[in-house]
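Have a look at the structure below, then the notes.
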Amino acid sequence: MKRMKTIYGVLAILLILTCWGVQYFYLPYILGNSINEYHIKEYFPELFKVPVFACITFALFKVKQSVPITIVYCTLACLFYECLNILFLNPINWMRIMALLVGAGVFYVLHLIVGIKSVANPTK
């Protein structure tokens, strides 16, 4: 169990560093060279929101649910956070919500491929 928490902690740090790397290296390159990249720069952080949130949850807390249930809870929390824009009179950006759901779906599929069903007992 302690090994899985360490793996998820390192994965969360790597995902955060990837987001920062894209923000500080990819975005200036794209903007400086006028490359059409189909708005990936605007929605890239949302692709990593649920995986980072889920990895931090697995690394820091004692999770008793299965991995898919925890990913669903993290996705719902991120969706709630995105919908809080209504309180500040901002329109909901549906492309950001779709990018968030795509990121959660890819993370879920990767967990299915790896075969981890529980963080407490990863062999099941």
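This structure is a prediction, so every number in the text was calculated from the model and none was measured. In this chain, numbering begins with 1 at the start of the sequence shown.
Put simply, the side chain of F58 does not reach to within 4.5 Å of the side chain of I7, judged on heavy atoms. Contact check for V50 versus L101: no side-chain heavy atoms found under the 4.5 Å cut-off.
The backbone N or O of T75 lies less than 3.5 Å from no partner atom in the side chain of K49, so there is not a single donor-acceptor pair.
In this structure, T18 OG1 and F44 CZ are separated by 7.0 Å, a value rounded to the nearest 0.5 Å. Rounding to the nearest 0.5 Å gives a distance of 11.0 Å between CG of L47 and CE of M98. For the atom pair CG (L76) and CD1 (I71), the distance works out to 12.0 Å, reported to the nearest 0.5 Å. Between the CD1 atom in I30 and the CD1 atom in I35 there is a gap of 4.0 Å [rounded to 0.5 Å]. From L11, atom CG reaches atom CG of L110 across 9.5 Å, with rounding to the nearest 0.5 Å. Note that CG of L79 and CG of L84 are 11.0 Å apart. Values are rounded to the nearest 0.5 Å.
In this structure, the side chain to side chain donor-acceptor pair (under 3.5 Å) partners of E42, at least two apart in sequence or on a different chain, are H39.
Ring planes of H111 and Y8: parallel class, angle under 30° (limits at 30 and 60°).
Taken together through direct or relayed side-chain contacts under 4.5 Å among Ile, Leu, Val, Met, Phe, Trp and Tyr, L31 and Y29 form parts of separate hydrophobic clusters. Hydrophobic clustering, with ILVMFWY side chains joined whenever heavy atoms are under 4.5 angstrom apart, groups V102 together with V22. When the side chains of ILVMFWY residues are joined at heavy-atom separations under 4.5 Å, either directly or via intervening members, W20 and I13 end up in a single hydrophobic cluster. When the side chains of ILVMFWY residues are joined at heavy-atom separations under 4.5 Å, either directly or via intervening members, M95 and F80 end up in two distinct hydrophobic clusters. Hydrophobic clustering (ILVMFWY, side-chain heavy atoms < 4.5 Å, transitive): F61 and Y73 are in distinct clusters.
In Y108, the OH atom is not crowded: 12 or fewer heavy atoms of neighbouring residues, nucleotides or ligands sit closer than 6.0 Å. Taking a 6.0 Å sphere around OH of Y26, one finds it holds more than 12 heavy atoms contributed by other residues, nucleotides or ligands. Counting non-hydrogen atoms of other residues, nucleotides and ligands closer than 6.0 Å to OH of Y43 gives a total above 12.
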Worked verdict on I97 versus W94 for side-chain contact (heavy atoms from CB on, under 4.5 Å): CA-CA 5 Å; I97 290 177; W94 294 104; 4.1 Å; yes
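In this structure, P51 and G103 approach most closely via the heavy-atom pair CG-O, 3.9 Å. The shortest non-hydrogen separation linking C74 to A54 is SG-CA, 3.7 Å.
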